[in-house]
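Contents: one structure, followed by commentary.
Side chains included, hydrogens not; waters and symmetry mates left out as well; all remaining heavy atoms used. Within every chain, numbering begins at 1; the chains are lettered A, B, ... in the order of the sequence lines, protein sequences first and strands thereafter.
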2 protein chains.
Amino acid sequence: MAKKKLIKAEDASTEEKIKAAARDVFHKKGYAATRTRDIAEKAGINLALLNYYFRSKEKLFDIIMLETVFEFMQSMALVMNDNKSSLEKKVELITFNYIDFITREPNIPIFMLSEIRNNADGLMEKLPIRQLVLNSIFFKQHQEAVVKGKIAEPDPLHFLMNILGLIVFPFIAKPLFKGIGGLNENQFNKLMQERKKLVPVWIKAMIKVK
Amino acid sequence: MAKKKLIKAEDASTEEKIKAAARDVFHKKGYAATRTRDIAEKAGINLALLNYYFRSKEKLFDIIMLETVFEFMQSMALVMNDNKSSLEKKVELITFNYIDFITREPNIPIFMLSEIRNNADGLMEKLPIRQLVLNSIFFKQHQEAVVKGKIAEPDPLHFLMNILGLIVFPFIAKPLFKGIGGLNENQFNKLMQERKKLVPVWIKAMIKVK
DNA sequence: AAATAAATTAAACAAATGATTAATTAACAC
DNA sequence: GTGTTAATTAATCATTTGTTTAATTTATTT
């Protein structure tokens, strides 16, 4: 068995190679469609090393899943709790950050949403995502704006759905939109870059009407 | 081998039972995570009958996939080609129809988008979805409104992304939003019903700004 | 350098899974 | 009713796939 205390910094590379490969394959194909042999091959390691370092496919997956969710929430959490910026500015930042993030990691949204749906052992219950949102400055600023009559729709969930829907959905349905628009990857990405400016403007316009 | 010509209407029930079960399981778990034994059990039939009627898991899946995509596009196509209604009214109809449809069949969006991503043998290329949109009255009305200066953003793809993003995304990310809002199924569905009125209003507001 | 522990490998195992076979039952034609 | 075809079943096959084992190589310690 591997004893962590004895693993030196340099030796960690094998473990890291496996994790990097697992990340790629899990993100692209999901848990069920992923073969441990795919991961081993992509990592350039012997199949047995996967179990040597991570015990099982499921344990390895849990690690990847946790890190992925964390990664995805981090940038959002950072912006939402910034105490310098206005709500409007936060919408701009979230839009900008997420469009860049998903352009870099286009498989993450649908991976997360698919696997969360298949339960993933009640991941949603274990994460403090509700507290994170409720305690955020973003949330308080929204509440405040509602009270002041600056935002017509009072439910912050609608607000979140709108922002994320406008940002994330085009990526999730990318093959569909590429098909409809007859776009290649570059043209699609250009459209997404345009949305960095457009989405905040649209959100601002939506906010005011009832 | 099964000879179709000899299958009477009443006998079709076995074939239909298999298809109904396959639909359920494929929609809920996706191709890779579905076991043919799950389908057989759910259909209440002997496992061998699945291959007797449909040759293979993959062939059965292709049938379900095709029917699902068709079902999903049909209501949209109908609305988009109605020559009585204005563009504004079409947005209302699409919103209303899709929110009801997805509430009834909540697994379909993420099923379709997941499986399309895993290729599904280039389904996107085979479907005439691009032609369907380009030739639609919906598309022409949008073009016209752009020319007349009624719509600021000229790209119809952005317009489609916005409508579908606002409608479909909340369902795809349902576990997330239920978690954040602390909602049960009923409360979530109530929110979605609210959006039937809200989304068209929001879209209208977005249209005008640049 | 010898001894010990860790890392790596090839081979094999056991369970799961899609598919097939051969036998049986039910339906239908004449 | 008899014979023929279709439908159904239980059993089995052949692969795939996650995991383990036992041996070997590499690294570390003393």
Side-chain angles (χ1 to χ4, degrees), chain A residues 1-65 115 118-121, chain B residues 1-65 115 118-121:
Chain A
M1 306 286 165
K3 303 245 175 78
K4 288 239 172 128
K5 42 188 162 185
L6 293 186
I7 294 173
K8 298 280 173 59
E10 223 228 309
D11 298 276
S13 72
T14 294
E15 204 173 336
E16 287 307 319
K17 271 192 287 182
I18 296 173
K19 269 181 68 174
R23 219 185 98 99
D24 277 6
V25 184
F26 279 139
H27 281 183
K28 197 166 296 168
K29 317 219 292 179
Y31 179 81
T34 294
R35 318 288 150 215
T36 51
R37 281 165 177 81
D38 299 339
I39 298 175
E41 193 185 1
K42 184 149 205 165
I45 53 111
N46 185 285
L47 175 59
L49 287 178
L50 191 151
N51 294 73
Y52 178 74
Y53 281 102
F54 297 96
R55 308 281 301 171
S56 73
K57 177 191 178 185
E58 200 178 348
K59 291 226 169 59
L60 174 55
F61 176 81
D62 287 345
I63 291 172
I64 299 298
M65 184 55 154
E115 299 296 340
N118 301 352
N119 201 11
D121 56 67
Chain B
M1 307 283 167
K3 303 245 175 80
K4 287 238 171 125
K5 42 187 160 184
L6 292 185
I7 295 172
K8 297 280 171 59
E10 223 227 311
D11 299 274
S13 71
T14 294
E15 204 173 336
E16 287 306 319
K17 271 192 287 182
I18 296 174
K19 270 180 67 174
R23 219 185 97 100
D24 277 7
V25 183
F26 278 139
H27 281 183
K28 196 166 297 167
K29 316 220 291 177
Y31 179 80
T34 294
R35 318 284 151 218
T36 52
R37 281 164 177 81
D38 299 340
I39 297 175
E41 193 185 1
K42 183 150 206 165
I45 53 111
N46 186 285
L47 174 59
L49 287 177
L50 192 150
N51 292 298
Y52 179 73
Y53 281 102
F54 297 96
R55 308 286 300 174
S56 73
K57 177 191 178 185
E58 198 178 349
K59 290 227 169 57
L60 174 54
F61 177 81
D62 287 345
I63 291 172
I64 299 299
M65 184 54 154
E115 299 295 340
N118 301 353
N119 200 10
D121 54 69

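Look at CG on B:Asn46: it is 17 Å from P on C:dA23, rounded to the nearest Å. If you measure from atom CZ of B:Arg55 to atom C1' of C:dT20, you get 11 Å, rounded to the nearest angstrom. As rounded to whole Å, 12 Å separates atom P of D:dA7 from atom CZ of B:Phe54. Whole-Å rounding puts the B:Glu41 CD to C:dA16 C1' distance at 15 Å. Between the CG atom of B:Asn51 and the P atom of D:dT15 there is a distance of 16 Å, rounded to whole Å. For the pair B:Leu49 CG and C:dT25 P, the interatomic distance rounds to 16 Å; values are reported in whole Å. Here the C1' atom of nucleotide D:dT17 and the OH atom of A:Tyr31 are 11 Å apart, to the nearest Å. Computed from coordinates, the A:Tyr52 OH to C:dT8 C1' distance equals 8 Å when rounded to whole Å.
Under 3.5 Å, the side chain of B:Arg37 and the base of C:dG18 form at least one donor-acceptor pair of N or O atoms.
Comparing C:dT20, C:dT8, D:dT19 by their closest approach to the side chain of A:Thr14 singles out C:dT8. The nucleotide whose nearest atom lies closest to any side-chain atom of B:Ala48 is, among D:dG18, D:dT21, D:dT9, D:dT9. Across C:dA7, C:dT17, C:dT20, the shortest atom-to-atom separation from the side chain of B:Arg35 is found for C:dT17.
For residues 29-45 of chain B, there are no side chain to side chain donor-acceptor pair (under 3.5 Å) pairs, not counting sequence neighbours.
In terms of heavy-atom proximity, B:Lys19 sits nearest to B:Ile64 at O-CD1, 3.6 Å. Residues A:Ile45 and A:Thr14 approach most closely at CG2-CG2, 4.3 Å, considering heavy atoms. Considering all non-hydrogen atoms of both residues, A:Leu60 and A:Ile39 come closest at CD2-CD1, 4.2 Å.
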- [ ] Check the pair B:Tyr53, B:Glu16 against side-chain contact (heavy atoms from CB on, under 4.5 Å), reporting the backbone distance first and the verdict last.
- [x] CA-CA 10 Å; B:Tyr53 281 102; B:Glu16 287 306 319; over 6 Å; no
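Residue contacts for A:Leu47: at a heavy-atom cut-off of 4.0 Å it reaches a base atom on one of the strands shown.
A sub-4.0 Å separation between OP1 or OP2 of D:dG18 and a side-chain N or O of A:Thr36 is present.
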